[in-house]
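Excluded from the calculations below are hydrogen atoms, water molecules and symmetry mates; all remaining heavy atoms, backbone and side chain alike, are included. Because the structure is a prediction, the values reported are computed rather than measured. To find a chain, count down the sequence lines: A is the first, B the second, and so on, and within it residues start at 1.
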Amino acid sequence: MDPALPLRVAGLTHRYGDVIALESVDLQVPAGCLMALVGRNGAGKSTLLACAAGWTRASEGAIEVMGLPVDRDERAIRRHVVLVPDTPRFWLDLTAWEHLQYLAGVHRMRDWRGEAEGLLAGFGLLAHRAASPLAYSRGMRQKLALAMALMVRPQLVLLDEPFAPLDAESAAQLWDVLRTRAGDGAAVLFSCHQLPPGTEPDAWAVLDGGRLAVAGSTAELRRALGVATVTPDSILRSLGADA
Amino acid sequence: MPEFGALLATRWRMLHAAFLYWLMAVGYDPEIAGLSNRLYAIYLVLVLGGLGALTWFEVLGAAGQAATALAAVPGPRPLPDVLLGALGGLVGLIQIAGVGLAWWRSPLRLTWPEIAYVAGAPVPAAAIVAVAFLRVALLALPLAALLGSLAAVVLTGSDRTALAAAAVALAAALAVMGANWLAGMVRLAVPGLRVRRWLAPLVALLLAAAVAVLPAAGLWPGRTLAGSIAGAPLWPALAWLGAAALGLVAAAIWVGSRISLTDVVDESAVYARLAVYAPGDRRDPAVLARARAEARQGGRRPWLRLPDKQGDAMLAARAGLARLRRPAQLLYLVQDLSLSLSACWMLADPRIAHPWFAWLLLMVVIPPRGLGDGFAADVDAPFLRQLLPRSDLAVLVADEVLPFILLTAVALAIWLAAQPPAGSVVLGALLIPTLLALRAGCRAFAARTRLGARVQIPFAPVAAVCFGLVLLLGIVAGAPWAALVLALLLITGLGAVMANA
């Protein structure tokens with residue numbers, strides 16, 4: 001176990017048949033770090049997240065979650081990592097509230113109601129908690145999935161484009177929640193094409209054509225890419241035309 | 001007609017993908033390039049074709065035995081003659097039910113690629129109807145021909161008229177399908193009827209009344225089939241029936257050219273969702289239930305409360321609640337009960353006949369429901385599965401323990417009430433929970449491979465191998481106790497795989 005380094009990726013390569021989605025990617029996300037994963041469509045962001053969560057077996061390379069190899073300790077890492085995909089699914093027979101109740105029960109959590117109410121209220125779902133998630137809009141589903149992921153308090157939170165379906169207010173709320181979780185010591189790695197206004201992650205990782213083009217803090221990216229302001233847009237522009 | 005060609009190409013790609021899927025289910029990897037891999041694919045096709053032919057001959061053999069048994073049934077008239085006389089009515093009933101169903105749920109359903117194509121190109125509706133009909137016909141007509149020849153063997157005791165019956169059954173099926181599609185297209189084409197799906201029973205009743213008034217016309221396809229089985233001249237009947245069938249199909253396509261494709265897309269929601277899944281998966285009841293629920297947008301408010309439990313008790317509570325919130329799910333347990341109990345009887349009671357091959361065919365063909373539904377829902381998506389910090393085996397046991405106990409108790413009560421031979425009581429009592437557990441294990445294993453496994457293995461091959469081995473050992477080799485031990489070993493093996501996941 002290595003609580004200081006929730007995610008370590010070394011030499012990660014993944015192929016879909018003849019197509020190389022990721023090639024020799026090295027990346028580390030330390031505890032308390034809020035890292036943005038940036039890249040064009042098809043750059044390999046979702047594949048990297050899926051490999052890190054153990055959903056997809058990497059073709060080559062090593063991935064460790066909390067110091068445990070993902071390919072050998074799948075069950076052990078399940079306690080430490082949660083990936084929220086861009087189109088999450090839900091249990092057909094449970095209401096939104098019961099999803100959180102179910103997870104609290106399965107994880108043997110005591111006094112969970114306050115936390116569940118806080119999460120739902122934070123995402124503006126408290127008034128809709130008695131409804132089935134299948135009746136939710138896409139944005140509401142994404143928020144419920146985030147609430148479920150945060151409810152079980154993972155040490156490594158992986159989010160695939162969490163801001164895309166959210167309105168500006170909800171995106172800002174989510175940012176605050178993620179910042180708080182990172183402050184509590186969790187590592188957060190999220191892919192994105194835009195960020196809520198006025199926010200800045202602790203670190204960036206930029207994928208380009210399946211390779212890690214650059215990674216580091218905002219200041220390091222400013223130097224490396226030669227841009228005045230570091231945003232997902234400016235990063236992609238600095239990478240040049242799509243190959 | 002370029003639109004027609006493009007739609008055909010879309011369907012062809014789907015058929016090709018489905019074909020590859022079944023080869024992948026038996027170990028073929030299409031991503032490996034090279035001649036040896038292609039030769040391996042041909043080898044697999046030959047093996048599967050050979051198995052299919054062997055199965056068909058086995059079925060024909062069983063049909064011959066059934067014919068002998070039917071002929072021996074005492075009565076005022078030979079039973080095969082009675083059944084042959086009822087064939088016209090049976091086909092008529094199928095026709096009436098089919099028209100009602102076609103009115104309720106349009107037979108024309110599109111996949112996402114087709115919907116995208118329809119949205120992006122001015123495709124004539126007639127082309128879409130024709131291609132969709134062709135796809136359904138290609139799947140249904142060979143089956144109808146096989147059933148027709150099988151009926152000929154069962155009812156006459158010989159294969160003399162099997163070929164003629166197959167040809168007439170094919171034409172009759174085409175006529176039945178044409179009428180069904182015509183009914184479905186009429187509802188979609190007439191603006192005032194589009195939303196009146198609730199008229200379906202009335203439409204069926206009207207057709208039934210028409211058949212009662214004009215039985216010669218209404219029962220014509222079935223009676224023609226019965227005549228061909230009995231040895232009536234083939235060609236005039238086949239020509240007239242074929243012409244009528246083609247006329248009905250042409251009418252359906254003509255009416256179909258006047259339908260609103262927006263309505264078709266709207267009614268295709270569930271089908272399009274299911275078509276995304278691999279062929280083995282889309283028959284899985286859990287997948288089907290999800291597609292229907294998502295298409296319904298979860299409008300129903302659930303009843304009963306999820307109890308406050310901890311750990312595995314919570315898993316079990318949710319699985320129980322899911323079944324109670326959808327009571328129809330409890331009925332599905334009857335499938336597990338009847339299949340497991342009948343297998344137990346075949347293995348443990350030497351007094352009865354052992355139609356084990358037909359049983360195995362049923363087991364493999366009927367999509368599994370009941371035991372395993374809770375587990376399938378829990379492992380349905382990696383997002384949900386990752387939130388349950390237990391092994392697959394633990395989740396399976398917690399999810400299925402309540403229905404398993406219920407089914408075992410009911411099956412044991414039936415077994416003991418049926419007064420089996422004294423020497424078989426204990427064996428049967430042990431076989432019942434074992435076979436139930438083996439069926440649940442097969443279902444769970446198949447559901448698990450849908451999640452992240454490179455090759456997804458459907459329930460059918462897993463169940464065919466596991467239960468096939470058990471029945472071969474217990475019935476063909478005559479060693480039921482050894483079959484029990486083998487079933488327990490198979491359960492242990494499946495459990496070991498699940499425990500490590």
Query raised in the report: Just wondering, are more than 12 heavy atoms of other shown residues or ligands nearer than 6.0 Å to CZ in Arg197(B)?
Result: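 Yes, CZ of Arg197(B) has more than 12 neighbouring heavy atoms, counting only those of other groups under 6.0 Å.
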
Between [atom1] of [X] and [atom2] of [Y], what distance do you get to the nearest 0.5 Å?
X	Y	atom1	atom2	result
Arg325(B)	Leu94(A)	CZ	CG	6.5 Å
Glu98(A)	Leu306(B)	CD	CG	5.0 Å
Gln386(B)	Met148(A)	CD	CE	9.0 Å
Arg108(A)	Met314(B)	CZ	CE	11.0 Å

Heavy-atom side-chain proximity of [X] to [Y] below 4.5 angstrom:
X	Y	result
Val152(A)	Leu387(B)	yes
Arg323(B)	Asp93(A)	no
Tyr102(A)	Leu388(B)	yes

Report task. Would you mind checking which part of Leu324(B) comes under 4.5 Å of any heavy atom in chain A, side chain (CB onward), backbone (N, CA, C, O), both or neither? Result ->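 For Leu324(B), neither part sits under 4.5 Å from chain A.
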
**Report entry** Asp308(B), part contacting chain A, at a heavy-atom distance under 4.5 Å
**Finding:**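 Its backbone and side chain both get close to chain A.
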
Query raised in the report: Looking only at heavy atoms, which two atoms of Gln101(A) and Pro307(B) are closest? And how far apart?
Result: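 Residues Gln101(A) and Pro307(B), closest heavy atoms: NE2-O, 3.5 Å.
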
For [X], is it the side chain, the backbone, both or neither that has a heavy atom under 4.5 Å from a heavy atom of chain B?
X	result
Val84(A)	both
Val106(A)	both
Ala50(A)	neither
Arg15(A)	neither
Leu83(A)	both

Query raised in the report: Considering residues at least two apart in sequence or located in another chain, which fulfil the ring-ring contact (aromatic ring centres under 6.0 Å, His included) criterion with Tyr16(A)?
Result: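 Applying ring-ring contact (aromatic ring centres under 6.0 Å, His included) to Tyr16(A) gives His14(A).
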
Query raised in the report: Looking at Arg79(A), Met109(A), His107(A), which makes the most heavy-atom pairs under 4.5 Å with chain B?
Result: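 Most heavy-atom pairs within the cutoff with chain B belong to His107(A).
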
